[in-house]
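Just below is one structure, and these are the notes that go with it.
Atoms considered below: every heavy atom in the structure, side chains included; atoms not considered: hydrogens, waters and symmetry mates.
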Amino acid sequence: MEKETGLSKEGQARIFIRTGGMQMMTSGTPDSRLAQILEIMELRRTARLESLADRLQVGTKTIRNDMKELNRLLEGSALVESVSGRYTLFVLDGKTFQEKKRIIYNQSDYMNSPMKRYGYILNRLMHEEGAVLIDDLAEEICVGRTTINGDLKKLRETLESYQLQIVGKTNTGIRLEGDELSLRLLVLEQMYDQVFESFLLDEDLESMVHEYCQEYGLDYMTTQYFMRSYTLMVDRVLNDHPLNRLQEKYHELEQTTAWRFAERIVVRTMEMFQVQIPMEEILFLSLPIAGMRTPMSRGDQQAPEISEEVAELVVKILNRIAYDMNFHISPTDLLDDFVYHINFMLNRLKYRFYIRNYALAEIRERYPLACRMAEVAKTVIEEQTRFTVTDDELGFLASYFSLFLEEQHYKNQKAFRVGIVCAQGAISGKLIQARLEKIMSDQTEFQLLSEKEAEDRDDFDLLISTSGNYESDEVPVICLGVFFDEVEVLRQIERLKYLGNLDISMKTGINSLIATILEPEHFYVLEPETTYLEAVLYMIGQLTEEGVLDEDFKEAFLKREKKSTMLFDEQIGFPHLQYPGEKIVLAVGVSDRTGPGTRFLLLLALPEDSELNDDILIHIYNELLVISSGETLAEDISKLRSGSEFVLYMIRNNELFEDI
């Protein structure tokens with residue numbers, strides 16, 4: 001019997017080949033934990049222990065044991081080594097590695113994976129016109145009825161969030177009920193690999209789709225998402241499950257760039273195989289284009305237009321970040337890309353076409369400040385659109401903000417001049433220069449000097465001396481021998497460069513910028529029951545009496561706090577404002593309280609004319625994130641009783657602030 005599409009069985013077989021049941025995976029996304037770990041390591045080459053444990057939802061001890069087993073299976077072809085909690089993959093023999101990788105991917109009995117069984121059950125229910133008997137499923141999968149019933153319970157939980165149901169009784173069979181679009185979104189977001197891994201498209205169709213994707217300048221990931229949607233669409237149409245109706249909001253995509261792209265492919269498919277495809281399927285295929293993550297080339301004629309609403313939303317996001325966090329994002333090409341990202345993100349949220357962010361755990365770990373900025377953006381988006389921003393989208397937003405922070409950092413970098421004072425002859429100075437040139441930026445300028453030539457020179461950013469007792473009143477000095485620890489010296493130089501840009505004197509060996517800036521007399525021990533507002537006003541009052549701040553600063557703080565509090569979290573307060581002075585003012589207040597409330601206050605006043613305020617805020621925010629995430633750091637700091645004790649405490653915890 002021919003399908004209602006008018007296409008013969010032979011034509012259907014040509015378009016869409018089902019390769020014969022659920023087969024063992026030989027490529028793609030593996031489900032066994034060892035195979036997942038191997039895939040992650042091969043893609044990234046390096047991963048932190050905690051990130052792997054978080055992503056795979058197991059303990060760190062389990063990951064360590066898995067790594068031992070993985071190394072046993074890879075023996076002779078590759079090695080996974082751990083250094084300071086970060087695993088790195090080393091491939092020793094590429095050909096043997098590929099062979100052993102295939103064995104690892106295929107070593108488990110296929111249906112031992114719950115996800116494989118869920119995919120098989122969903123596949124059967126999707127393609128069966130009548131009811132499916134549980135006994136038949138158990139026999140096909142080679143498991144007991146108890147296992148099938150347990151799988152159905154888990155599968156029902158997943159289906160529930162898509163308004164889909166498995167209905168029926170044990171003896172009469174079960175079937176799938178719900179909206180066709182919801183079913184497709186479930187498959188695309190959760191189970192595509194399990195449901196469609198044993199299906200192949202006709203080569204002519206696949207080539208046609210790839211050709212159009214290249215013509216439109218789609219990136220690799222968007223092409224992959226579109227190909228999945230196209231494969232799913234063809235399968236559902238050929239099995240008499242086309243989309244016949246969609247909510248009105250989807251029809252807003254008609255005649256857009258995404259719709260015209262999808263229309264060309266649908267029309268070409270109908271021409272090639274004489275099959276009728278409803279217009280709603282064009283709208284369905286528009287979704288991965290309207291919601292793609294990476295923008296097409298903005299010079300391309302197919303590039304989408306940005307609406308006034310999207311542009312205004314971006315402005316509101318940036319203004320809220322500037323107001324809440326005092327960061328100011330400059331208009332650059334990266335900002336243009338961010339506008340396009342917001343446009344596509346809103347489409348994804350509006351049409352519920354979600355994209356997984358597989359780097360989410362690592363983004364949260366590596367970019368906590370960018371994640372905090374993303375949370376501010378999320379609040380604005382949800383206020384203005386009433387869409388709910390998913391965790392995956394939050395991670396994508398944080399990725400952009402991490403790039404903004406990097407861009408801001410490098411924008412404020414100045415050329416760096418290094419004078420090498422040769423106290424032991426020119427050859428030792430040249431050897432030091434040769435080693436420094438290998439580890440420092442190409443823009444670094446070096447000059448060899450005698451001690452006499454170095455006298456009264458203030459046109460260098462750093463003097464490096466081969467003598468242990470050389471000093472300069474004008475320029476920072478690092479004393480080195482011919483043999484030195486390159487990593488440690490580079491870290492010192494980078495920190496000195498950073499502080500030099502901020503016009504802050506360096507305290508040798510201290511990583512904390514807070515401890516570097518703090519003057520001991522600006523450390524205040526507060527009464528245990530003092531509220532956040534009372535504590536800040538007390539500190540401002542003390543600084544005003546000293547002549548460091550004035551009454552206008554107090555009024556500016558109260559006005560700012562009335563609109564939005566500057567509490568960092570439950571235990572930390574971070575009131576920070578710009579003021580018309582010329583000097584950075586930083587004060588610390590501590591309250592050794594027994595109950596809930598603010599324990600650690602950091603008051604910061606920044607010169608309003610400084611171009612480097614963002615750099616300072618970024619660094620201090622990152623330090624506060626470290627203190628906030630520590631189990632007892634805020635509590636420990638609240639018990640300190642002087643500025644000297646505070647600096648000493650930060651020195652004792654120096655390694656926590658090393659990578660900021």
Under 4.5 Å between any side-chain heavy atoms of [X] and [Y], yes or no?
X: Ile174; Y: Val167; result: no
X: Tyr212; Y: Arg268; result: yes
X: Thr388; Y: Leu349; result: no
X: Ile282; Y: Ile277; result: no
X: Asp179; Y: Leu183; result: no

What are the two closest non-hydrogen atoms of [X] and [Y], and how far apart are they?
X: Ile363; Y: Ser399; result: CD1-OG, 3.3 Å
X: Arg352; Y: Tyr162; result: NH1-CE2, 3.2 Å
X: Ala370; Y: Leu405; result: N-CD1, 4.2 Å
X: Leu92; Y: Gly76; result: CB-O, 4.3 Å
X: Ala290; Y: Ala258; result: N-CB, 3.6 Å
X: Ile355; Y: Asp392; result: O-CB, 3.5 Å

Whether [X] side chain and [Y] backbone form a donor-acceptor pair below 3.5 Å:
X: Thr46; Y: Tyr87; result: yes
X: Arg236; Y: Met126; result: yes
X: Ser207; Y: Asp204; result: no
X: Ser182; Y: Gly178; result: no
X: Thr379; Y: Glu375; result: yes
X: Thr147; Y: Val143; result: no
X: Arg228; Y: Tyr192; result: no
X: Asp151; Y: Tyr118; result: no
X: Arg348; Y: Gly291; result: yes
X: Thr96; Y: Asp93; result: no

**Message:** Set out, in order, the CA-CA distance, both residues' side-chain angles and the distance that settles side-chain contact (heavy atoms from CB on, under 4.5 Å) for Phe284 and Glu281, then state yes or no.
**Reply:** CA-CA 5 Å; Phe284 173 70; Glu281 298 293 357; 4.0 Å; yes
**Request:** Evaluate the side chain to side chain donor-acceptor pair (under 3.5 Å) criterion for residues Asp219 and Thr222: first the C-alpha distance (whole Å), next the side-chain angles of each, then the deciding distance (0.1 Å), finally the verdict.
**Result:** CA-CA 6 Å; Asp219 64 281; Thr222 304; 2.6 Å; yes
Salt bridge flag under 4.0 Å for residues [X] and [Y]:
X: Glu252; Y: Lys249; value: no
X: Glu383; Y: Arg320; value: yes
X: Glu75; Y: Lys100; value: no
X: Glu128; Y: Arg175; value: no
X: Arg364; Y: Asp391; value: yes
X: Glu180; Y: Arg184; value: yes

So does [X] have more than 12 non-hydrogen atoms from other groups sitting under 6.0 Å from [atom1]?
X: Glu139; atom1: CD; result: no
X: Gln165; atom1: CD; result: no
X: Glu160; atom1: CD; result: no
X: Glu157; atom1: CD; result: yes

**Prompt:** Checking side-chain contact (heavy atoms from CB on, under 4.5 Å) for the pair Tyr120/Val195: CA distance, chi angles, key distance, verdict?
**Reply:** CA-CA 6 Å; Tyr120 185 92; Val195 173; over 6 Å; no
When rounded to the nearest 0.5 angstrom, what is the spacing between [atom1] in [X] and [atom2] in [Y]?
X: Arg260; Y: Ile289; atom1: CZ; atom2: CD1; answer: 13.0 Å
X: Glu50; Y: Glu365; atom1: CD; atom2: CD; answer: 6.5 Å
X: Gln247; Y: Leu181; atom1: CD; atom2: CG; answer: 8.0 Å
X: Asn357; Y: Leu397; atom1: CG; atom2: CG; answer: 10.0 Å
X: Leu287; Y: Leu185; atom1: CG; atom2: CG; answer: 7.0 Å
X: Met191; Y: Ile121; atom1: CE; atom2: CD1; answer: 9.0 Å

**Prompt:** Would Leu186 and Leu122 count as a side-chain contact (heavy atoms from CB on, under 4.5 Å) if you check the C-alpha gap in whole Å, the side-chain angles of each, and the deciding distance to 0.1 Å?
**Reply:** CA-CA 10 Å; Leu186 162 70; Leu122 182 62; 4.0 Å; yes
**Request:** Output, in order, the C-alpha distance, side-chain angles, deciding distance and verdict of side chain to side chain donor-acceptor pair (under 3.5 Å) for Glu248 and His251.
**Result:** CA-CA 5 Å; Glu248 188 61 34; His251 289 275; 5.2 Å; no
Testing the 3.5 Å rule here: is there a donor-acceptor pair between the side chains of [X] and [Y]?
X: Glu362; Y: Ser51; result: no
X: Asn65; Y: Thr62; result: no
X: His127; Y: Asp235; result: yes
X: Glu280; Y: Tyr250; result: no

**Message:** Exactly one of Phe404, Tyr400, Phe401 should register a ring-ring contact (aromatic ring centres under 6.0 Å, His included) with His341. Which one does?
**Reply:**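 Exactly one pass, corresponding to Tyr400.
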**Request:** Take Thr269 and Tyr230 through the test side chain to side chain donor-acceptor pair (under 3.5 Å) and record every step on the way to the result.
**Result:** CA-CA 10 Å; Thr269 302; Tyr230 180 77; 2.7 Å; yes
**Request:** Report the C-alpha separation of Ser286 and Phe261 in whole Å, then their side-chain angles, then the decisive distance to 0.1 Å, and conclude whether the side-chain contact (heavy atoms from CB on, under 4.5 Å) test is met.
**Result:** CA-CA 7 Å; Ser286 301; Phe261 172 79; over 6 Å; no
**Prompt:** With Met345, which of Ile342, Asn343, Asn347 fulfils side chain to side chain contact (heavy atoms under 4.5 Å, CB included)?
**Reply:**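 So, applying the side chain to side chain contact (heavy atoms under 4.5 Å, CB included) to Met345 and each of Ile342, Asn343, Asn347, only Ile342 qualifies.
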**Message:** Working note: Arg264 + Glu215, criterion salt bridge (charged side-chain N to carboxylate O under 4.0 Å, His left out); need CA distance, chi angles, decisive distance, verdict.
**Reply:** CA-CA 12 Å; Arg264 288 183 65 189; Glu215 180 183 332; 3.0 Å; yes
**Message:** Between Arg72 and Glu69, is the salt bridge (charged side-chain N to carboxylate O under 4.0 Å, His left out) condition met? List the steps.
**Reply:** CA-CA 5 Å; Arg72 185 186 70 79; Glu69 178 64 10; 2.6 Å; yes
**Asked** According to the interplanar angle, ranging from 0 to 90°, do the rings of Phe353 and Tyr225 count as parallel (below 30°), tilted (30 to 60°) or perpendicular (above 60°)?
**Response**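 Perpendicular, since the angle between the ring planes exceeds 60°.
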